[in-house]
Trainee: 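Here it is: the structure, laid out below.
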Number of protein chains: 2
Amino acid sequence: MSENLPETWQGGPSWRPVARSRAHELVIEAIEDQIMVGALKVGDPLPPERDLASRLQVSRAGVREAIRVLEGQGVLRSNVGAGADAGTFIAAMPSEALTRFLRLHVALSNFRLDDVVDARVMLERSSASLAAANSDQRAREAIRGPLEQMDVEGISREEFNDADTAFHVAIAEAGGNQLVADMTIAIRASLRAPILEAFRQLEDWSQVSAMLREQHHGIIEAIAAGDGERAARLTEEHIRAASAALPALRSPGG
Amino acid sequence: MSENLPETWQGGPSWRPVARSRAHELVIEAIEDQIMVGALKVGDPLPPERDLASRLQVSRAGVREAIRVLEGQGVLRSNVGAGADAGTFIAAMPSEALTRFLRLHVALSNFRLDDVVDARVMLERSSASLAAANSDQRAREAIRGPLEQMDVEGISREEFNDADTAFHVAIAEAGGNQLVADMTIAIRASLRAPILEAFRQLEDWSQVSAMLREQHHGIIEAIAAGDGERAARLTEEHIRAASAALPALRSPGG
DNA sequence: ACCTTTTAGTGGTCTGACCACCAAATCGAT
DNA sequence: ATCGATTTGGTGGTCAGACCACTAAAAGGT
């Protein structure tokens with residue numbers, strides 16, 4: 001077999017069919033291989049779907065299914081139209097993908113809520129500690145924004161929940177570790193529905209929200225003071241207290 | 001609009017078209033909605049692709065793209081043929097999906113290797129501590145298996161790496177927190193290629209491997225002794241020492 | 001009662017067509 | 001020569017319809 005086939009992408013990735021199970025898996029493997037060997041980096045374009053199909057000897061439908069899968073993982077991004085922006089590109093959107101992933105699996109109870117809470121404690125302890133050590137003035141202000149939203153009188157439980165999420169996300173991002181931040185975001189987002197449901201079932205809402213508010217202020221103070229150990233401790237206490245105050249969290253409500 | 005359309009799945013999920021952007025996204029949202037409200041649980045079957053297509057008013061191709069995406073997230077599983085096992089089902093395979101996800105994004109350098117290592121330290125500290133507190137005899141034996149493999153003379157670097165992965169995975173699973181374990185597995189797997197590459201570039205392999213072996217034995221001893229604090233400390237030292245001994249880990253080799 | 005054949009329904013694949021979109025090339029009037 | 005309007009061509013998005021491979025259950029024959 002001579003390699004006389006025209007290599008349209010000179011020096012670029014060599015798109016050759018690999019193993020064979022389902023067609024779209026072949027395409028996924030071909031693209032992943034190019035990523036693994038470094039032939040495709042973030043921002044690089046993929047060949048047009050029709051080209052890929054003929055090069056890999058599969059139908060365009062198979063190519064499209066593969067692209068969809070990788071798009072769902074936050075690895076690809078497609079634009080219609082013409083010109084430099086048109087086509088499919090290697091992307092870097094891990095956060096959204098991770099969030100969707102965890103949200104689904106938590107909803108399916110593939111992870112015990114206790115495990116999720118424990119993992120959250122571990123991650124956010126780390127984030128708080130990192131934020132205390134690394135955060136600058138701007139990052140701390142980003143944390144205070146949602147804090148003030150939660151202090152507003154008469155805020156709805158849903159708004160409170162979203163501001164609470166924003167608060168914890170801001171701390172995670174202030175920590176400076178992107179992977180930890182993304183995992184934190186994903187876990188908090190995956191708990192949004194159950195927490196909101198638990199909020200609704202709550203009788204003494206004002207009391208619980210007052211407690212949460214107070215704990216939040218304690219955490220931001222520790223971070224601003226650069227006291228990582230205290231920030232971590234208060235964060236763990238906060239999460240566990242909130243978890244304990246929301247008994248509905250323990251029994252997944254259908 | 002009266003609801004006179006025949007509801008084939010009586011009492012089951014109601015498959016109605018929702019918003020509209022791309023066709024497959026509509027299908028994904030429809031399925032996710034059913035999962036979110038608890039109408040679909042692990043093991044439940046989806047309607048046949050052709051049915052879903054007509055109910056949601058999209059082509060079968062659109063339905064298939066959506067199914068592929070969710071399959072890639074470890075949420076669906078499809079079987080061909082006829083009978084009770086045939087068709088598409090809600091599945092629970094988060095580990096593989098998470099692993100593929102992280103492997104890709106690490107390869108794309110969407111996460112700094114330092115961040116990945118720090119996250120790994122955090123997770124495995126926790127796993128080791130949990131394993132010391134919770135593990136039973138069987139779980140500890142599962143940890144010792146890979147340990148003995150690594151002690152074999154003349155083992156190749158690749159075999160060593162795989163046994164090392166199995167060692168850390170076994171500890172994570174002994175901890176009893178499925179989410180933490182899955183994240184640990186995914187992170188270690190995402191580092192497989194770079195670590196293997198770093199191993200190859202290593203001059204004094206026997207010296208490094210001897211160090212790693214010794215540290216492993218220390219960790220399992222601490223776990224067996226039920227000393228969570230020591231197990232966590234040794235695990236962190238182990239990971240950081242290994243990271244330091246592999247300078248190639250710091251500069252992503254294309 | 002048992003084995004064989006047929007059937008029907010599932011996902012897997014492919015083809016070929018058309019649409020919406022949009023930058024760049026083309027054209028035409030000034 | 002300039003500038004605006006038009007055309008062009010390539011991109012992903014969508015669809016309809018046809019097969020194929022597979023397999024459990026039904027139908028049929030011994």
Side-chain angles (χ1 to χ4, degrees), chain A residues 8-9 12 15 17-31 40 43-91 93, chain B residues 8-9 12 15 17-31 40 43-91 93:
Chain A
T8 316
W9 264 20
W15 299 99
V18 201
R20 180 61 191 241
S21 41
R22 290 135 101 204
H24 78 276
E25 288 176 354
L26 178 149
V27 180
I28 290 176
E29 281 171 32
I31 296 175
L40 286 177
D44 289 348
L46 250 62
E49 295 176 354
R50 294 164 177 83
D51 282 21
L52 257 186
S54 70
R55 293 197 215 192
L56 297 177
Q57 303 273 288
V58 299
S59 73
R60 198 183 154 204
V63 169
R64 285 179 60 75
E65 288 179 13
I67 289 177
R68 284 287 118 80
V69 171
L70 294 175
E71 186 182 76
Q73 311 260 37
V75 169
L76 295 180
R77 166 183 51 88
S78 291
N79 301 321
V80 295
D85 268 2
T88 300
F89 299 86
I90 306 290
M93 312 163 64
Chain B
T8 315
W9 263 21
W15 299 99
V18 202
R20 181 63 191 237
S21 41
R22 291 136 102 204
H24 78 276
E25 289 176 354
L26 179 149
V27 180
I28 289 177
E29 281 171 31
I31 297 175
L40 285 177
D44 288 350
L46 251 60
E49 295 176 354
R50 294 162 176 85
D51 282 20
L52 256 186
S54 70
R55 293 196 214 193
L56 296 177
Q57 303 273 287
V58 300
S59 72
R60 199 182 153 205
V63 169
R64 286 180 60 76
E65 288 179 12
I67 289 177
R68 285 286 117 80
V69 171
L70 294 175
E71 186 183 77
Q73 312 259 39
V75 169
L76 295 181
R77 164 182 52 88
S78 292
N79 301 322
V80 296
D85 267 2
T88 300
F89 299 85
I90 307 290
M93 311 162 63

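Residue numbers start from 1 in every chain, and the chains themselves are labelled A, B, ... in the order their sequence lines are given, proteins ahead of strands.
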Trainee: Over all strands shown, is B/A23 touching base, sugar-phosphate only, or nothing at heavy-atom distances under 4.0 angstrom?
Mentor: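 The residue B/A23 makes sugar-phosphate contact but no base contact.
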
Trainee: To the nearest Å, how far apart are B/D85 CG and C/dG9 C1'?
Mentor: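 Checked: the CG to C1' distance equals 15 Å.
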
Trainee: Could you tell me whether B/A82 contacts a base, only the sugar-phosphate backbone, or nothing, with contacts defined as non-hydrogen atoms closer than 4.0 Å?
Mentor: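 Base: the residue B/A82, judged by heavy atoms under 4.0 Å, touches a nucleobase.
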
Trainee: Below the 4.0 Å mark, does C/dT15 have OP1 or OP2 next to a side-chain nitrogen or oxygen of A/R60?
Mentor: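 Answer is no, no contact under 4.0 Å.
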
Trainee: Reading DNA chain C from 5' onward, which residue's closest nucleotide shows up sooner: A/G83 or A/A61?
Mentor: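 The residue mapped nearer the 5' terminus is A/A61.
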
Trainee: Among the nucleotides D/dT11, D/dA24, D/dG13, which one has an atom lying closest to any side-chain atom of A/R64?
Mentor: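 Of the options given, the side chain of A/R64 lies nearest D/dG13.
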
Trainee: In terms of side-chain heavy atoms of B/V80, which of D/dA24, C/dA23, C/dG11 is nearest?
Mentor: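 Shortest atom-to-atom distance from the side chain points to C/dG11.
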
Trainee: Round to a whole Å and report the spacing from CG of B/L52 to P of C/dG9.
Mentor: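 After rounding, the gap between these two atoms is 17 Å.
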
Trainee: Would you indicate which nucleotide in D/dC15, D/dA24, C/dT15 comes nearest to any side-chain atom of B/S59?
Mentor: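 Nearest to the side chain of B/S59 among the choices is D/dC15.
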
Trainee: Does A/H24 reach the side chain of B/E71, with side-chain heavy atoms less than 4.5 Å apart?
Mentor: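 The answer is yes, as the side chains (C-beta and beyond) meet within the 4.5 Å cut-off.
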
Trainee: Measure from the side-chain heavy atoms of B/H24 and tell me the nearest of C/dG9, D/dT14, D/dG10.
Mentor: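 It is D/dT14.
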
Trainee: Identify the heavy atoms of B/I28 and B/A66 that sit nearest to each other, and give their distance.
Mentor: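 Here B/I28 and B/A66 meet closest at CG1-CB, 3.6 Å.
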
Trainee: Take the protein atom CG of B/L76 and the nucleotide atom P of C/dT10, then report the distance between them rounded to whole Å.
Mentor: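 That distance rounds to 16 Å.
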
Trainee: Considering heavy-atom distances to DNA chain D, does A/P48 or B/E65 have its closest nucleotide positioned more toward the 5' end?
Mentor: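 Of the two residues, A/P48 wins.
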
Trainee: If the cut-off is 4.0 Å, is B/T88 near the phosphate of C/dG11, judged by side-chain N/O to OP1 or OP2?
Mentor: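 Yes, within the criterion.
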
Trainee: Kindly check if the number of other-residue, nucleotide or ligand heavy atoms within 6.0 Å of CG (B/D85) is above 12?
Mentor: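 At most 12 heavy atoms, drawn from other residues, nucleotides or ligands, come within 6.0 Å of this atom.
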
Trainee: Looking at side-chain heavy atoms only, is the closest gap between B/V69 and B/V27 below 4.5 Å?
Mentor: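 In short, these two side chains do not touch, never coming nearer than 4.5 Å.
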
Trainee: Between CG of B/D51 and CG of B/L46, what distance do you get to the nearest 0.5 Å?
Mentor: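 The CG atom of B/D51 sits 10.5 Å away from the CG atom of B/L46.
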
Trainee: Measuring from B/I31:CD1 to B/L52:CG, what's the distance to the nearest 0.5 Å?
Mentor: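 Between atom CD1 of B/I31 and atom CG of B/L52 there are 6.0 Å.
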
Trainee: Specify the separation, in whole Å, of atom CD of A/E49 and atom C1' of C/dA20.
Mentor: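 Taking CD of A/E49 and C1' of C/dA20, I get 14 Å after rounding.
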
Trainee: If only side-chain N and O atoms of B/R68 are considered, is one of them under 4.0 Å from the OP1 or OP2 phosphate oxygen of C/dG12?
Mentor: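 Yes, because at least one side-chain N or O of B/R68 sits under 4.0 Å from OP1 or OP2 of C/dG12.
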
Trainee: Closest approach of A/L40 and A/P45, non-hydrogen atoms and distance?
Mentor: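 Where A/L40 meets A/P45 most closely, the heavy atoms are CD2-O, 4.3 Å.
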
Trainee: Output the single nucleotide from D/dG9, D/dT11, D/dC15 whose closest atom is nearest the side chain of A/R50.
Mentor: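 So the side chain of A/R50 is nearest to D/dT11.
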
Trainee: Which whole-number value in Å describes the distance from A/F89 CZ to D/dT11 P?
Mentor: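 Roughly 11 Å, once rounded to whole Å.
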
Trainee: Taking only side-chain N and O atoms of A/R22, does any of them lie within less than 4.0 angstrom of OP1 or OP2 on C/dT13?
Mentor: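 So the side-chain polar atoms of A/R22 never come under 4.0 Å of the phosphate oxygens OP1 or OP2 of C/dT13.
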
Trainee: For B/Q57 and D/dC15, give me the distance from atom CD to atom P, rounded to whole Å.
Mentor: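 In whole Å, D/dC15 P and B/Q57 CD are 10 Å from each other.
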
Trainee: Can you pull out how bent the helix from C/dA1-D/dT30 to C/dT30-D/dA1 is, comparing the axes over its first five and last five pairs, to 10°?
Mentor: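 Rounded value for the end-axis angle: 30°.
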
Trainee: Check the pair A/R68 / B/R22 against side-chain contact (heavy atoms from CB on, under 4.5 Å), numbers first and verdict last.
Mentor: CA-CA 11 Å; A/R68 284 287 118 80; B/R22 291 136 102 204; 3.2 Å; yes

Trainee: For A/G87, answer base if it contacts any base atom (sugar-phosphate contacts may also be present), sugar-phosphate if it contacts only those atoms, and nothing otherwise; contact means non-hydrogen atoms under 4.0 Å.
Mentor: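 Sugar-phosphate: the residue A/G87, judged by heavy atoms under 4.0 Å, touches backbone atoms but no base.
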
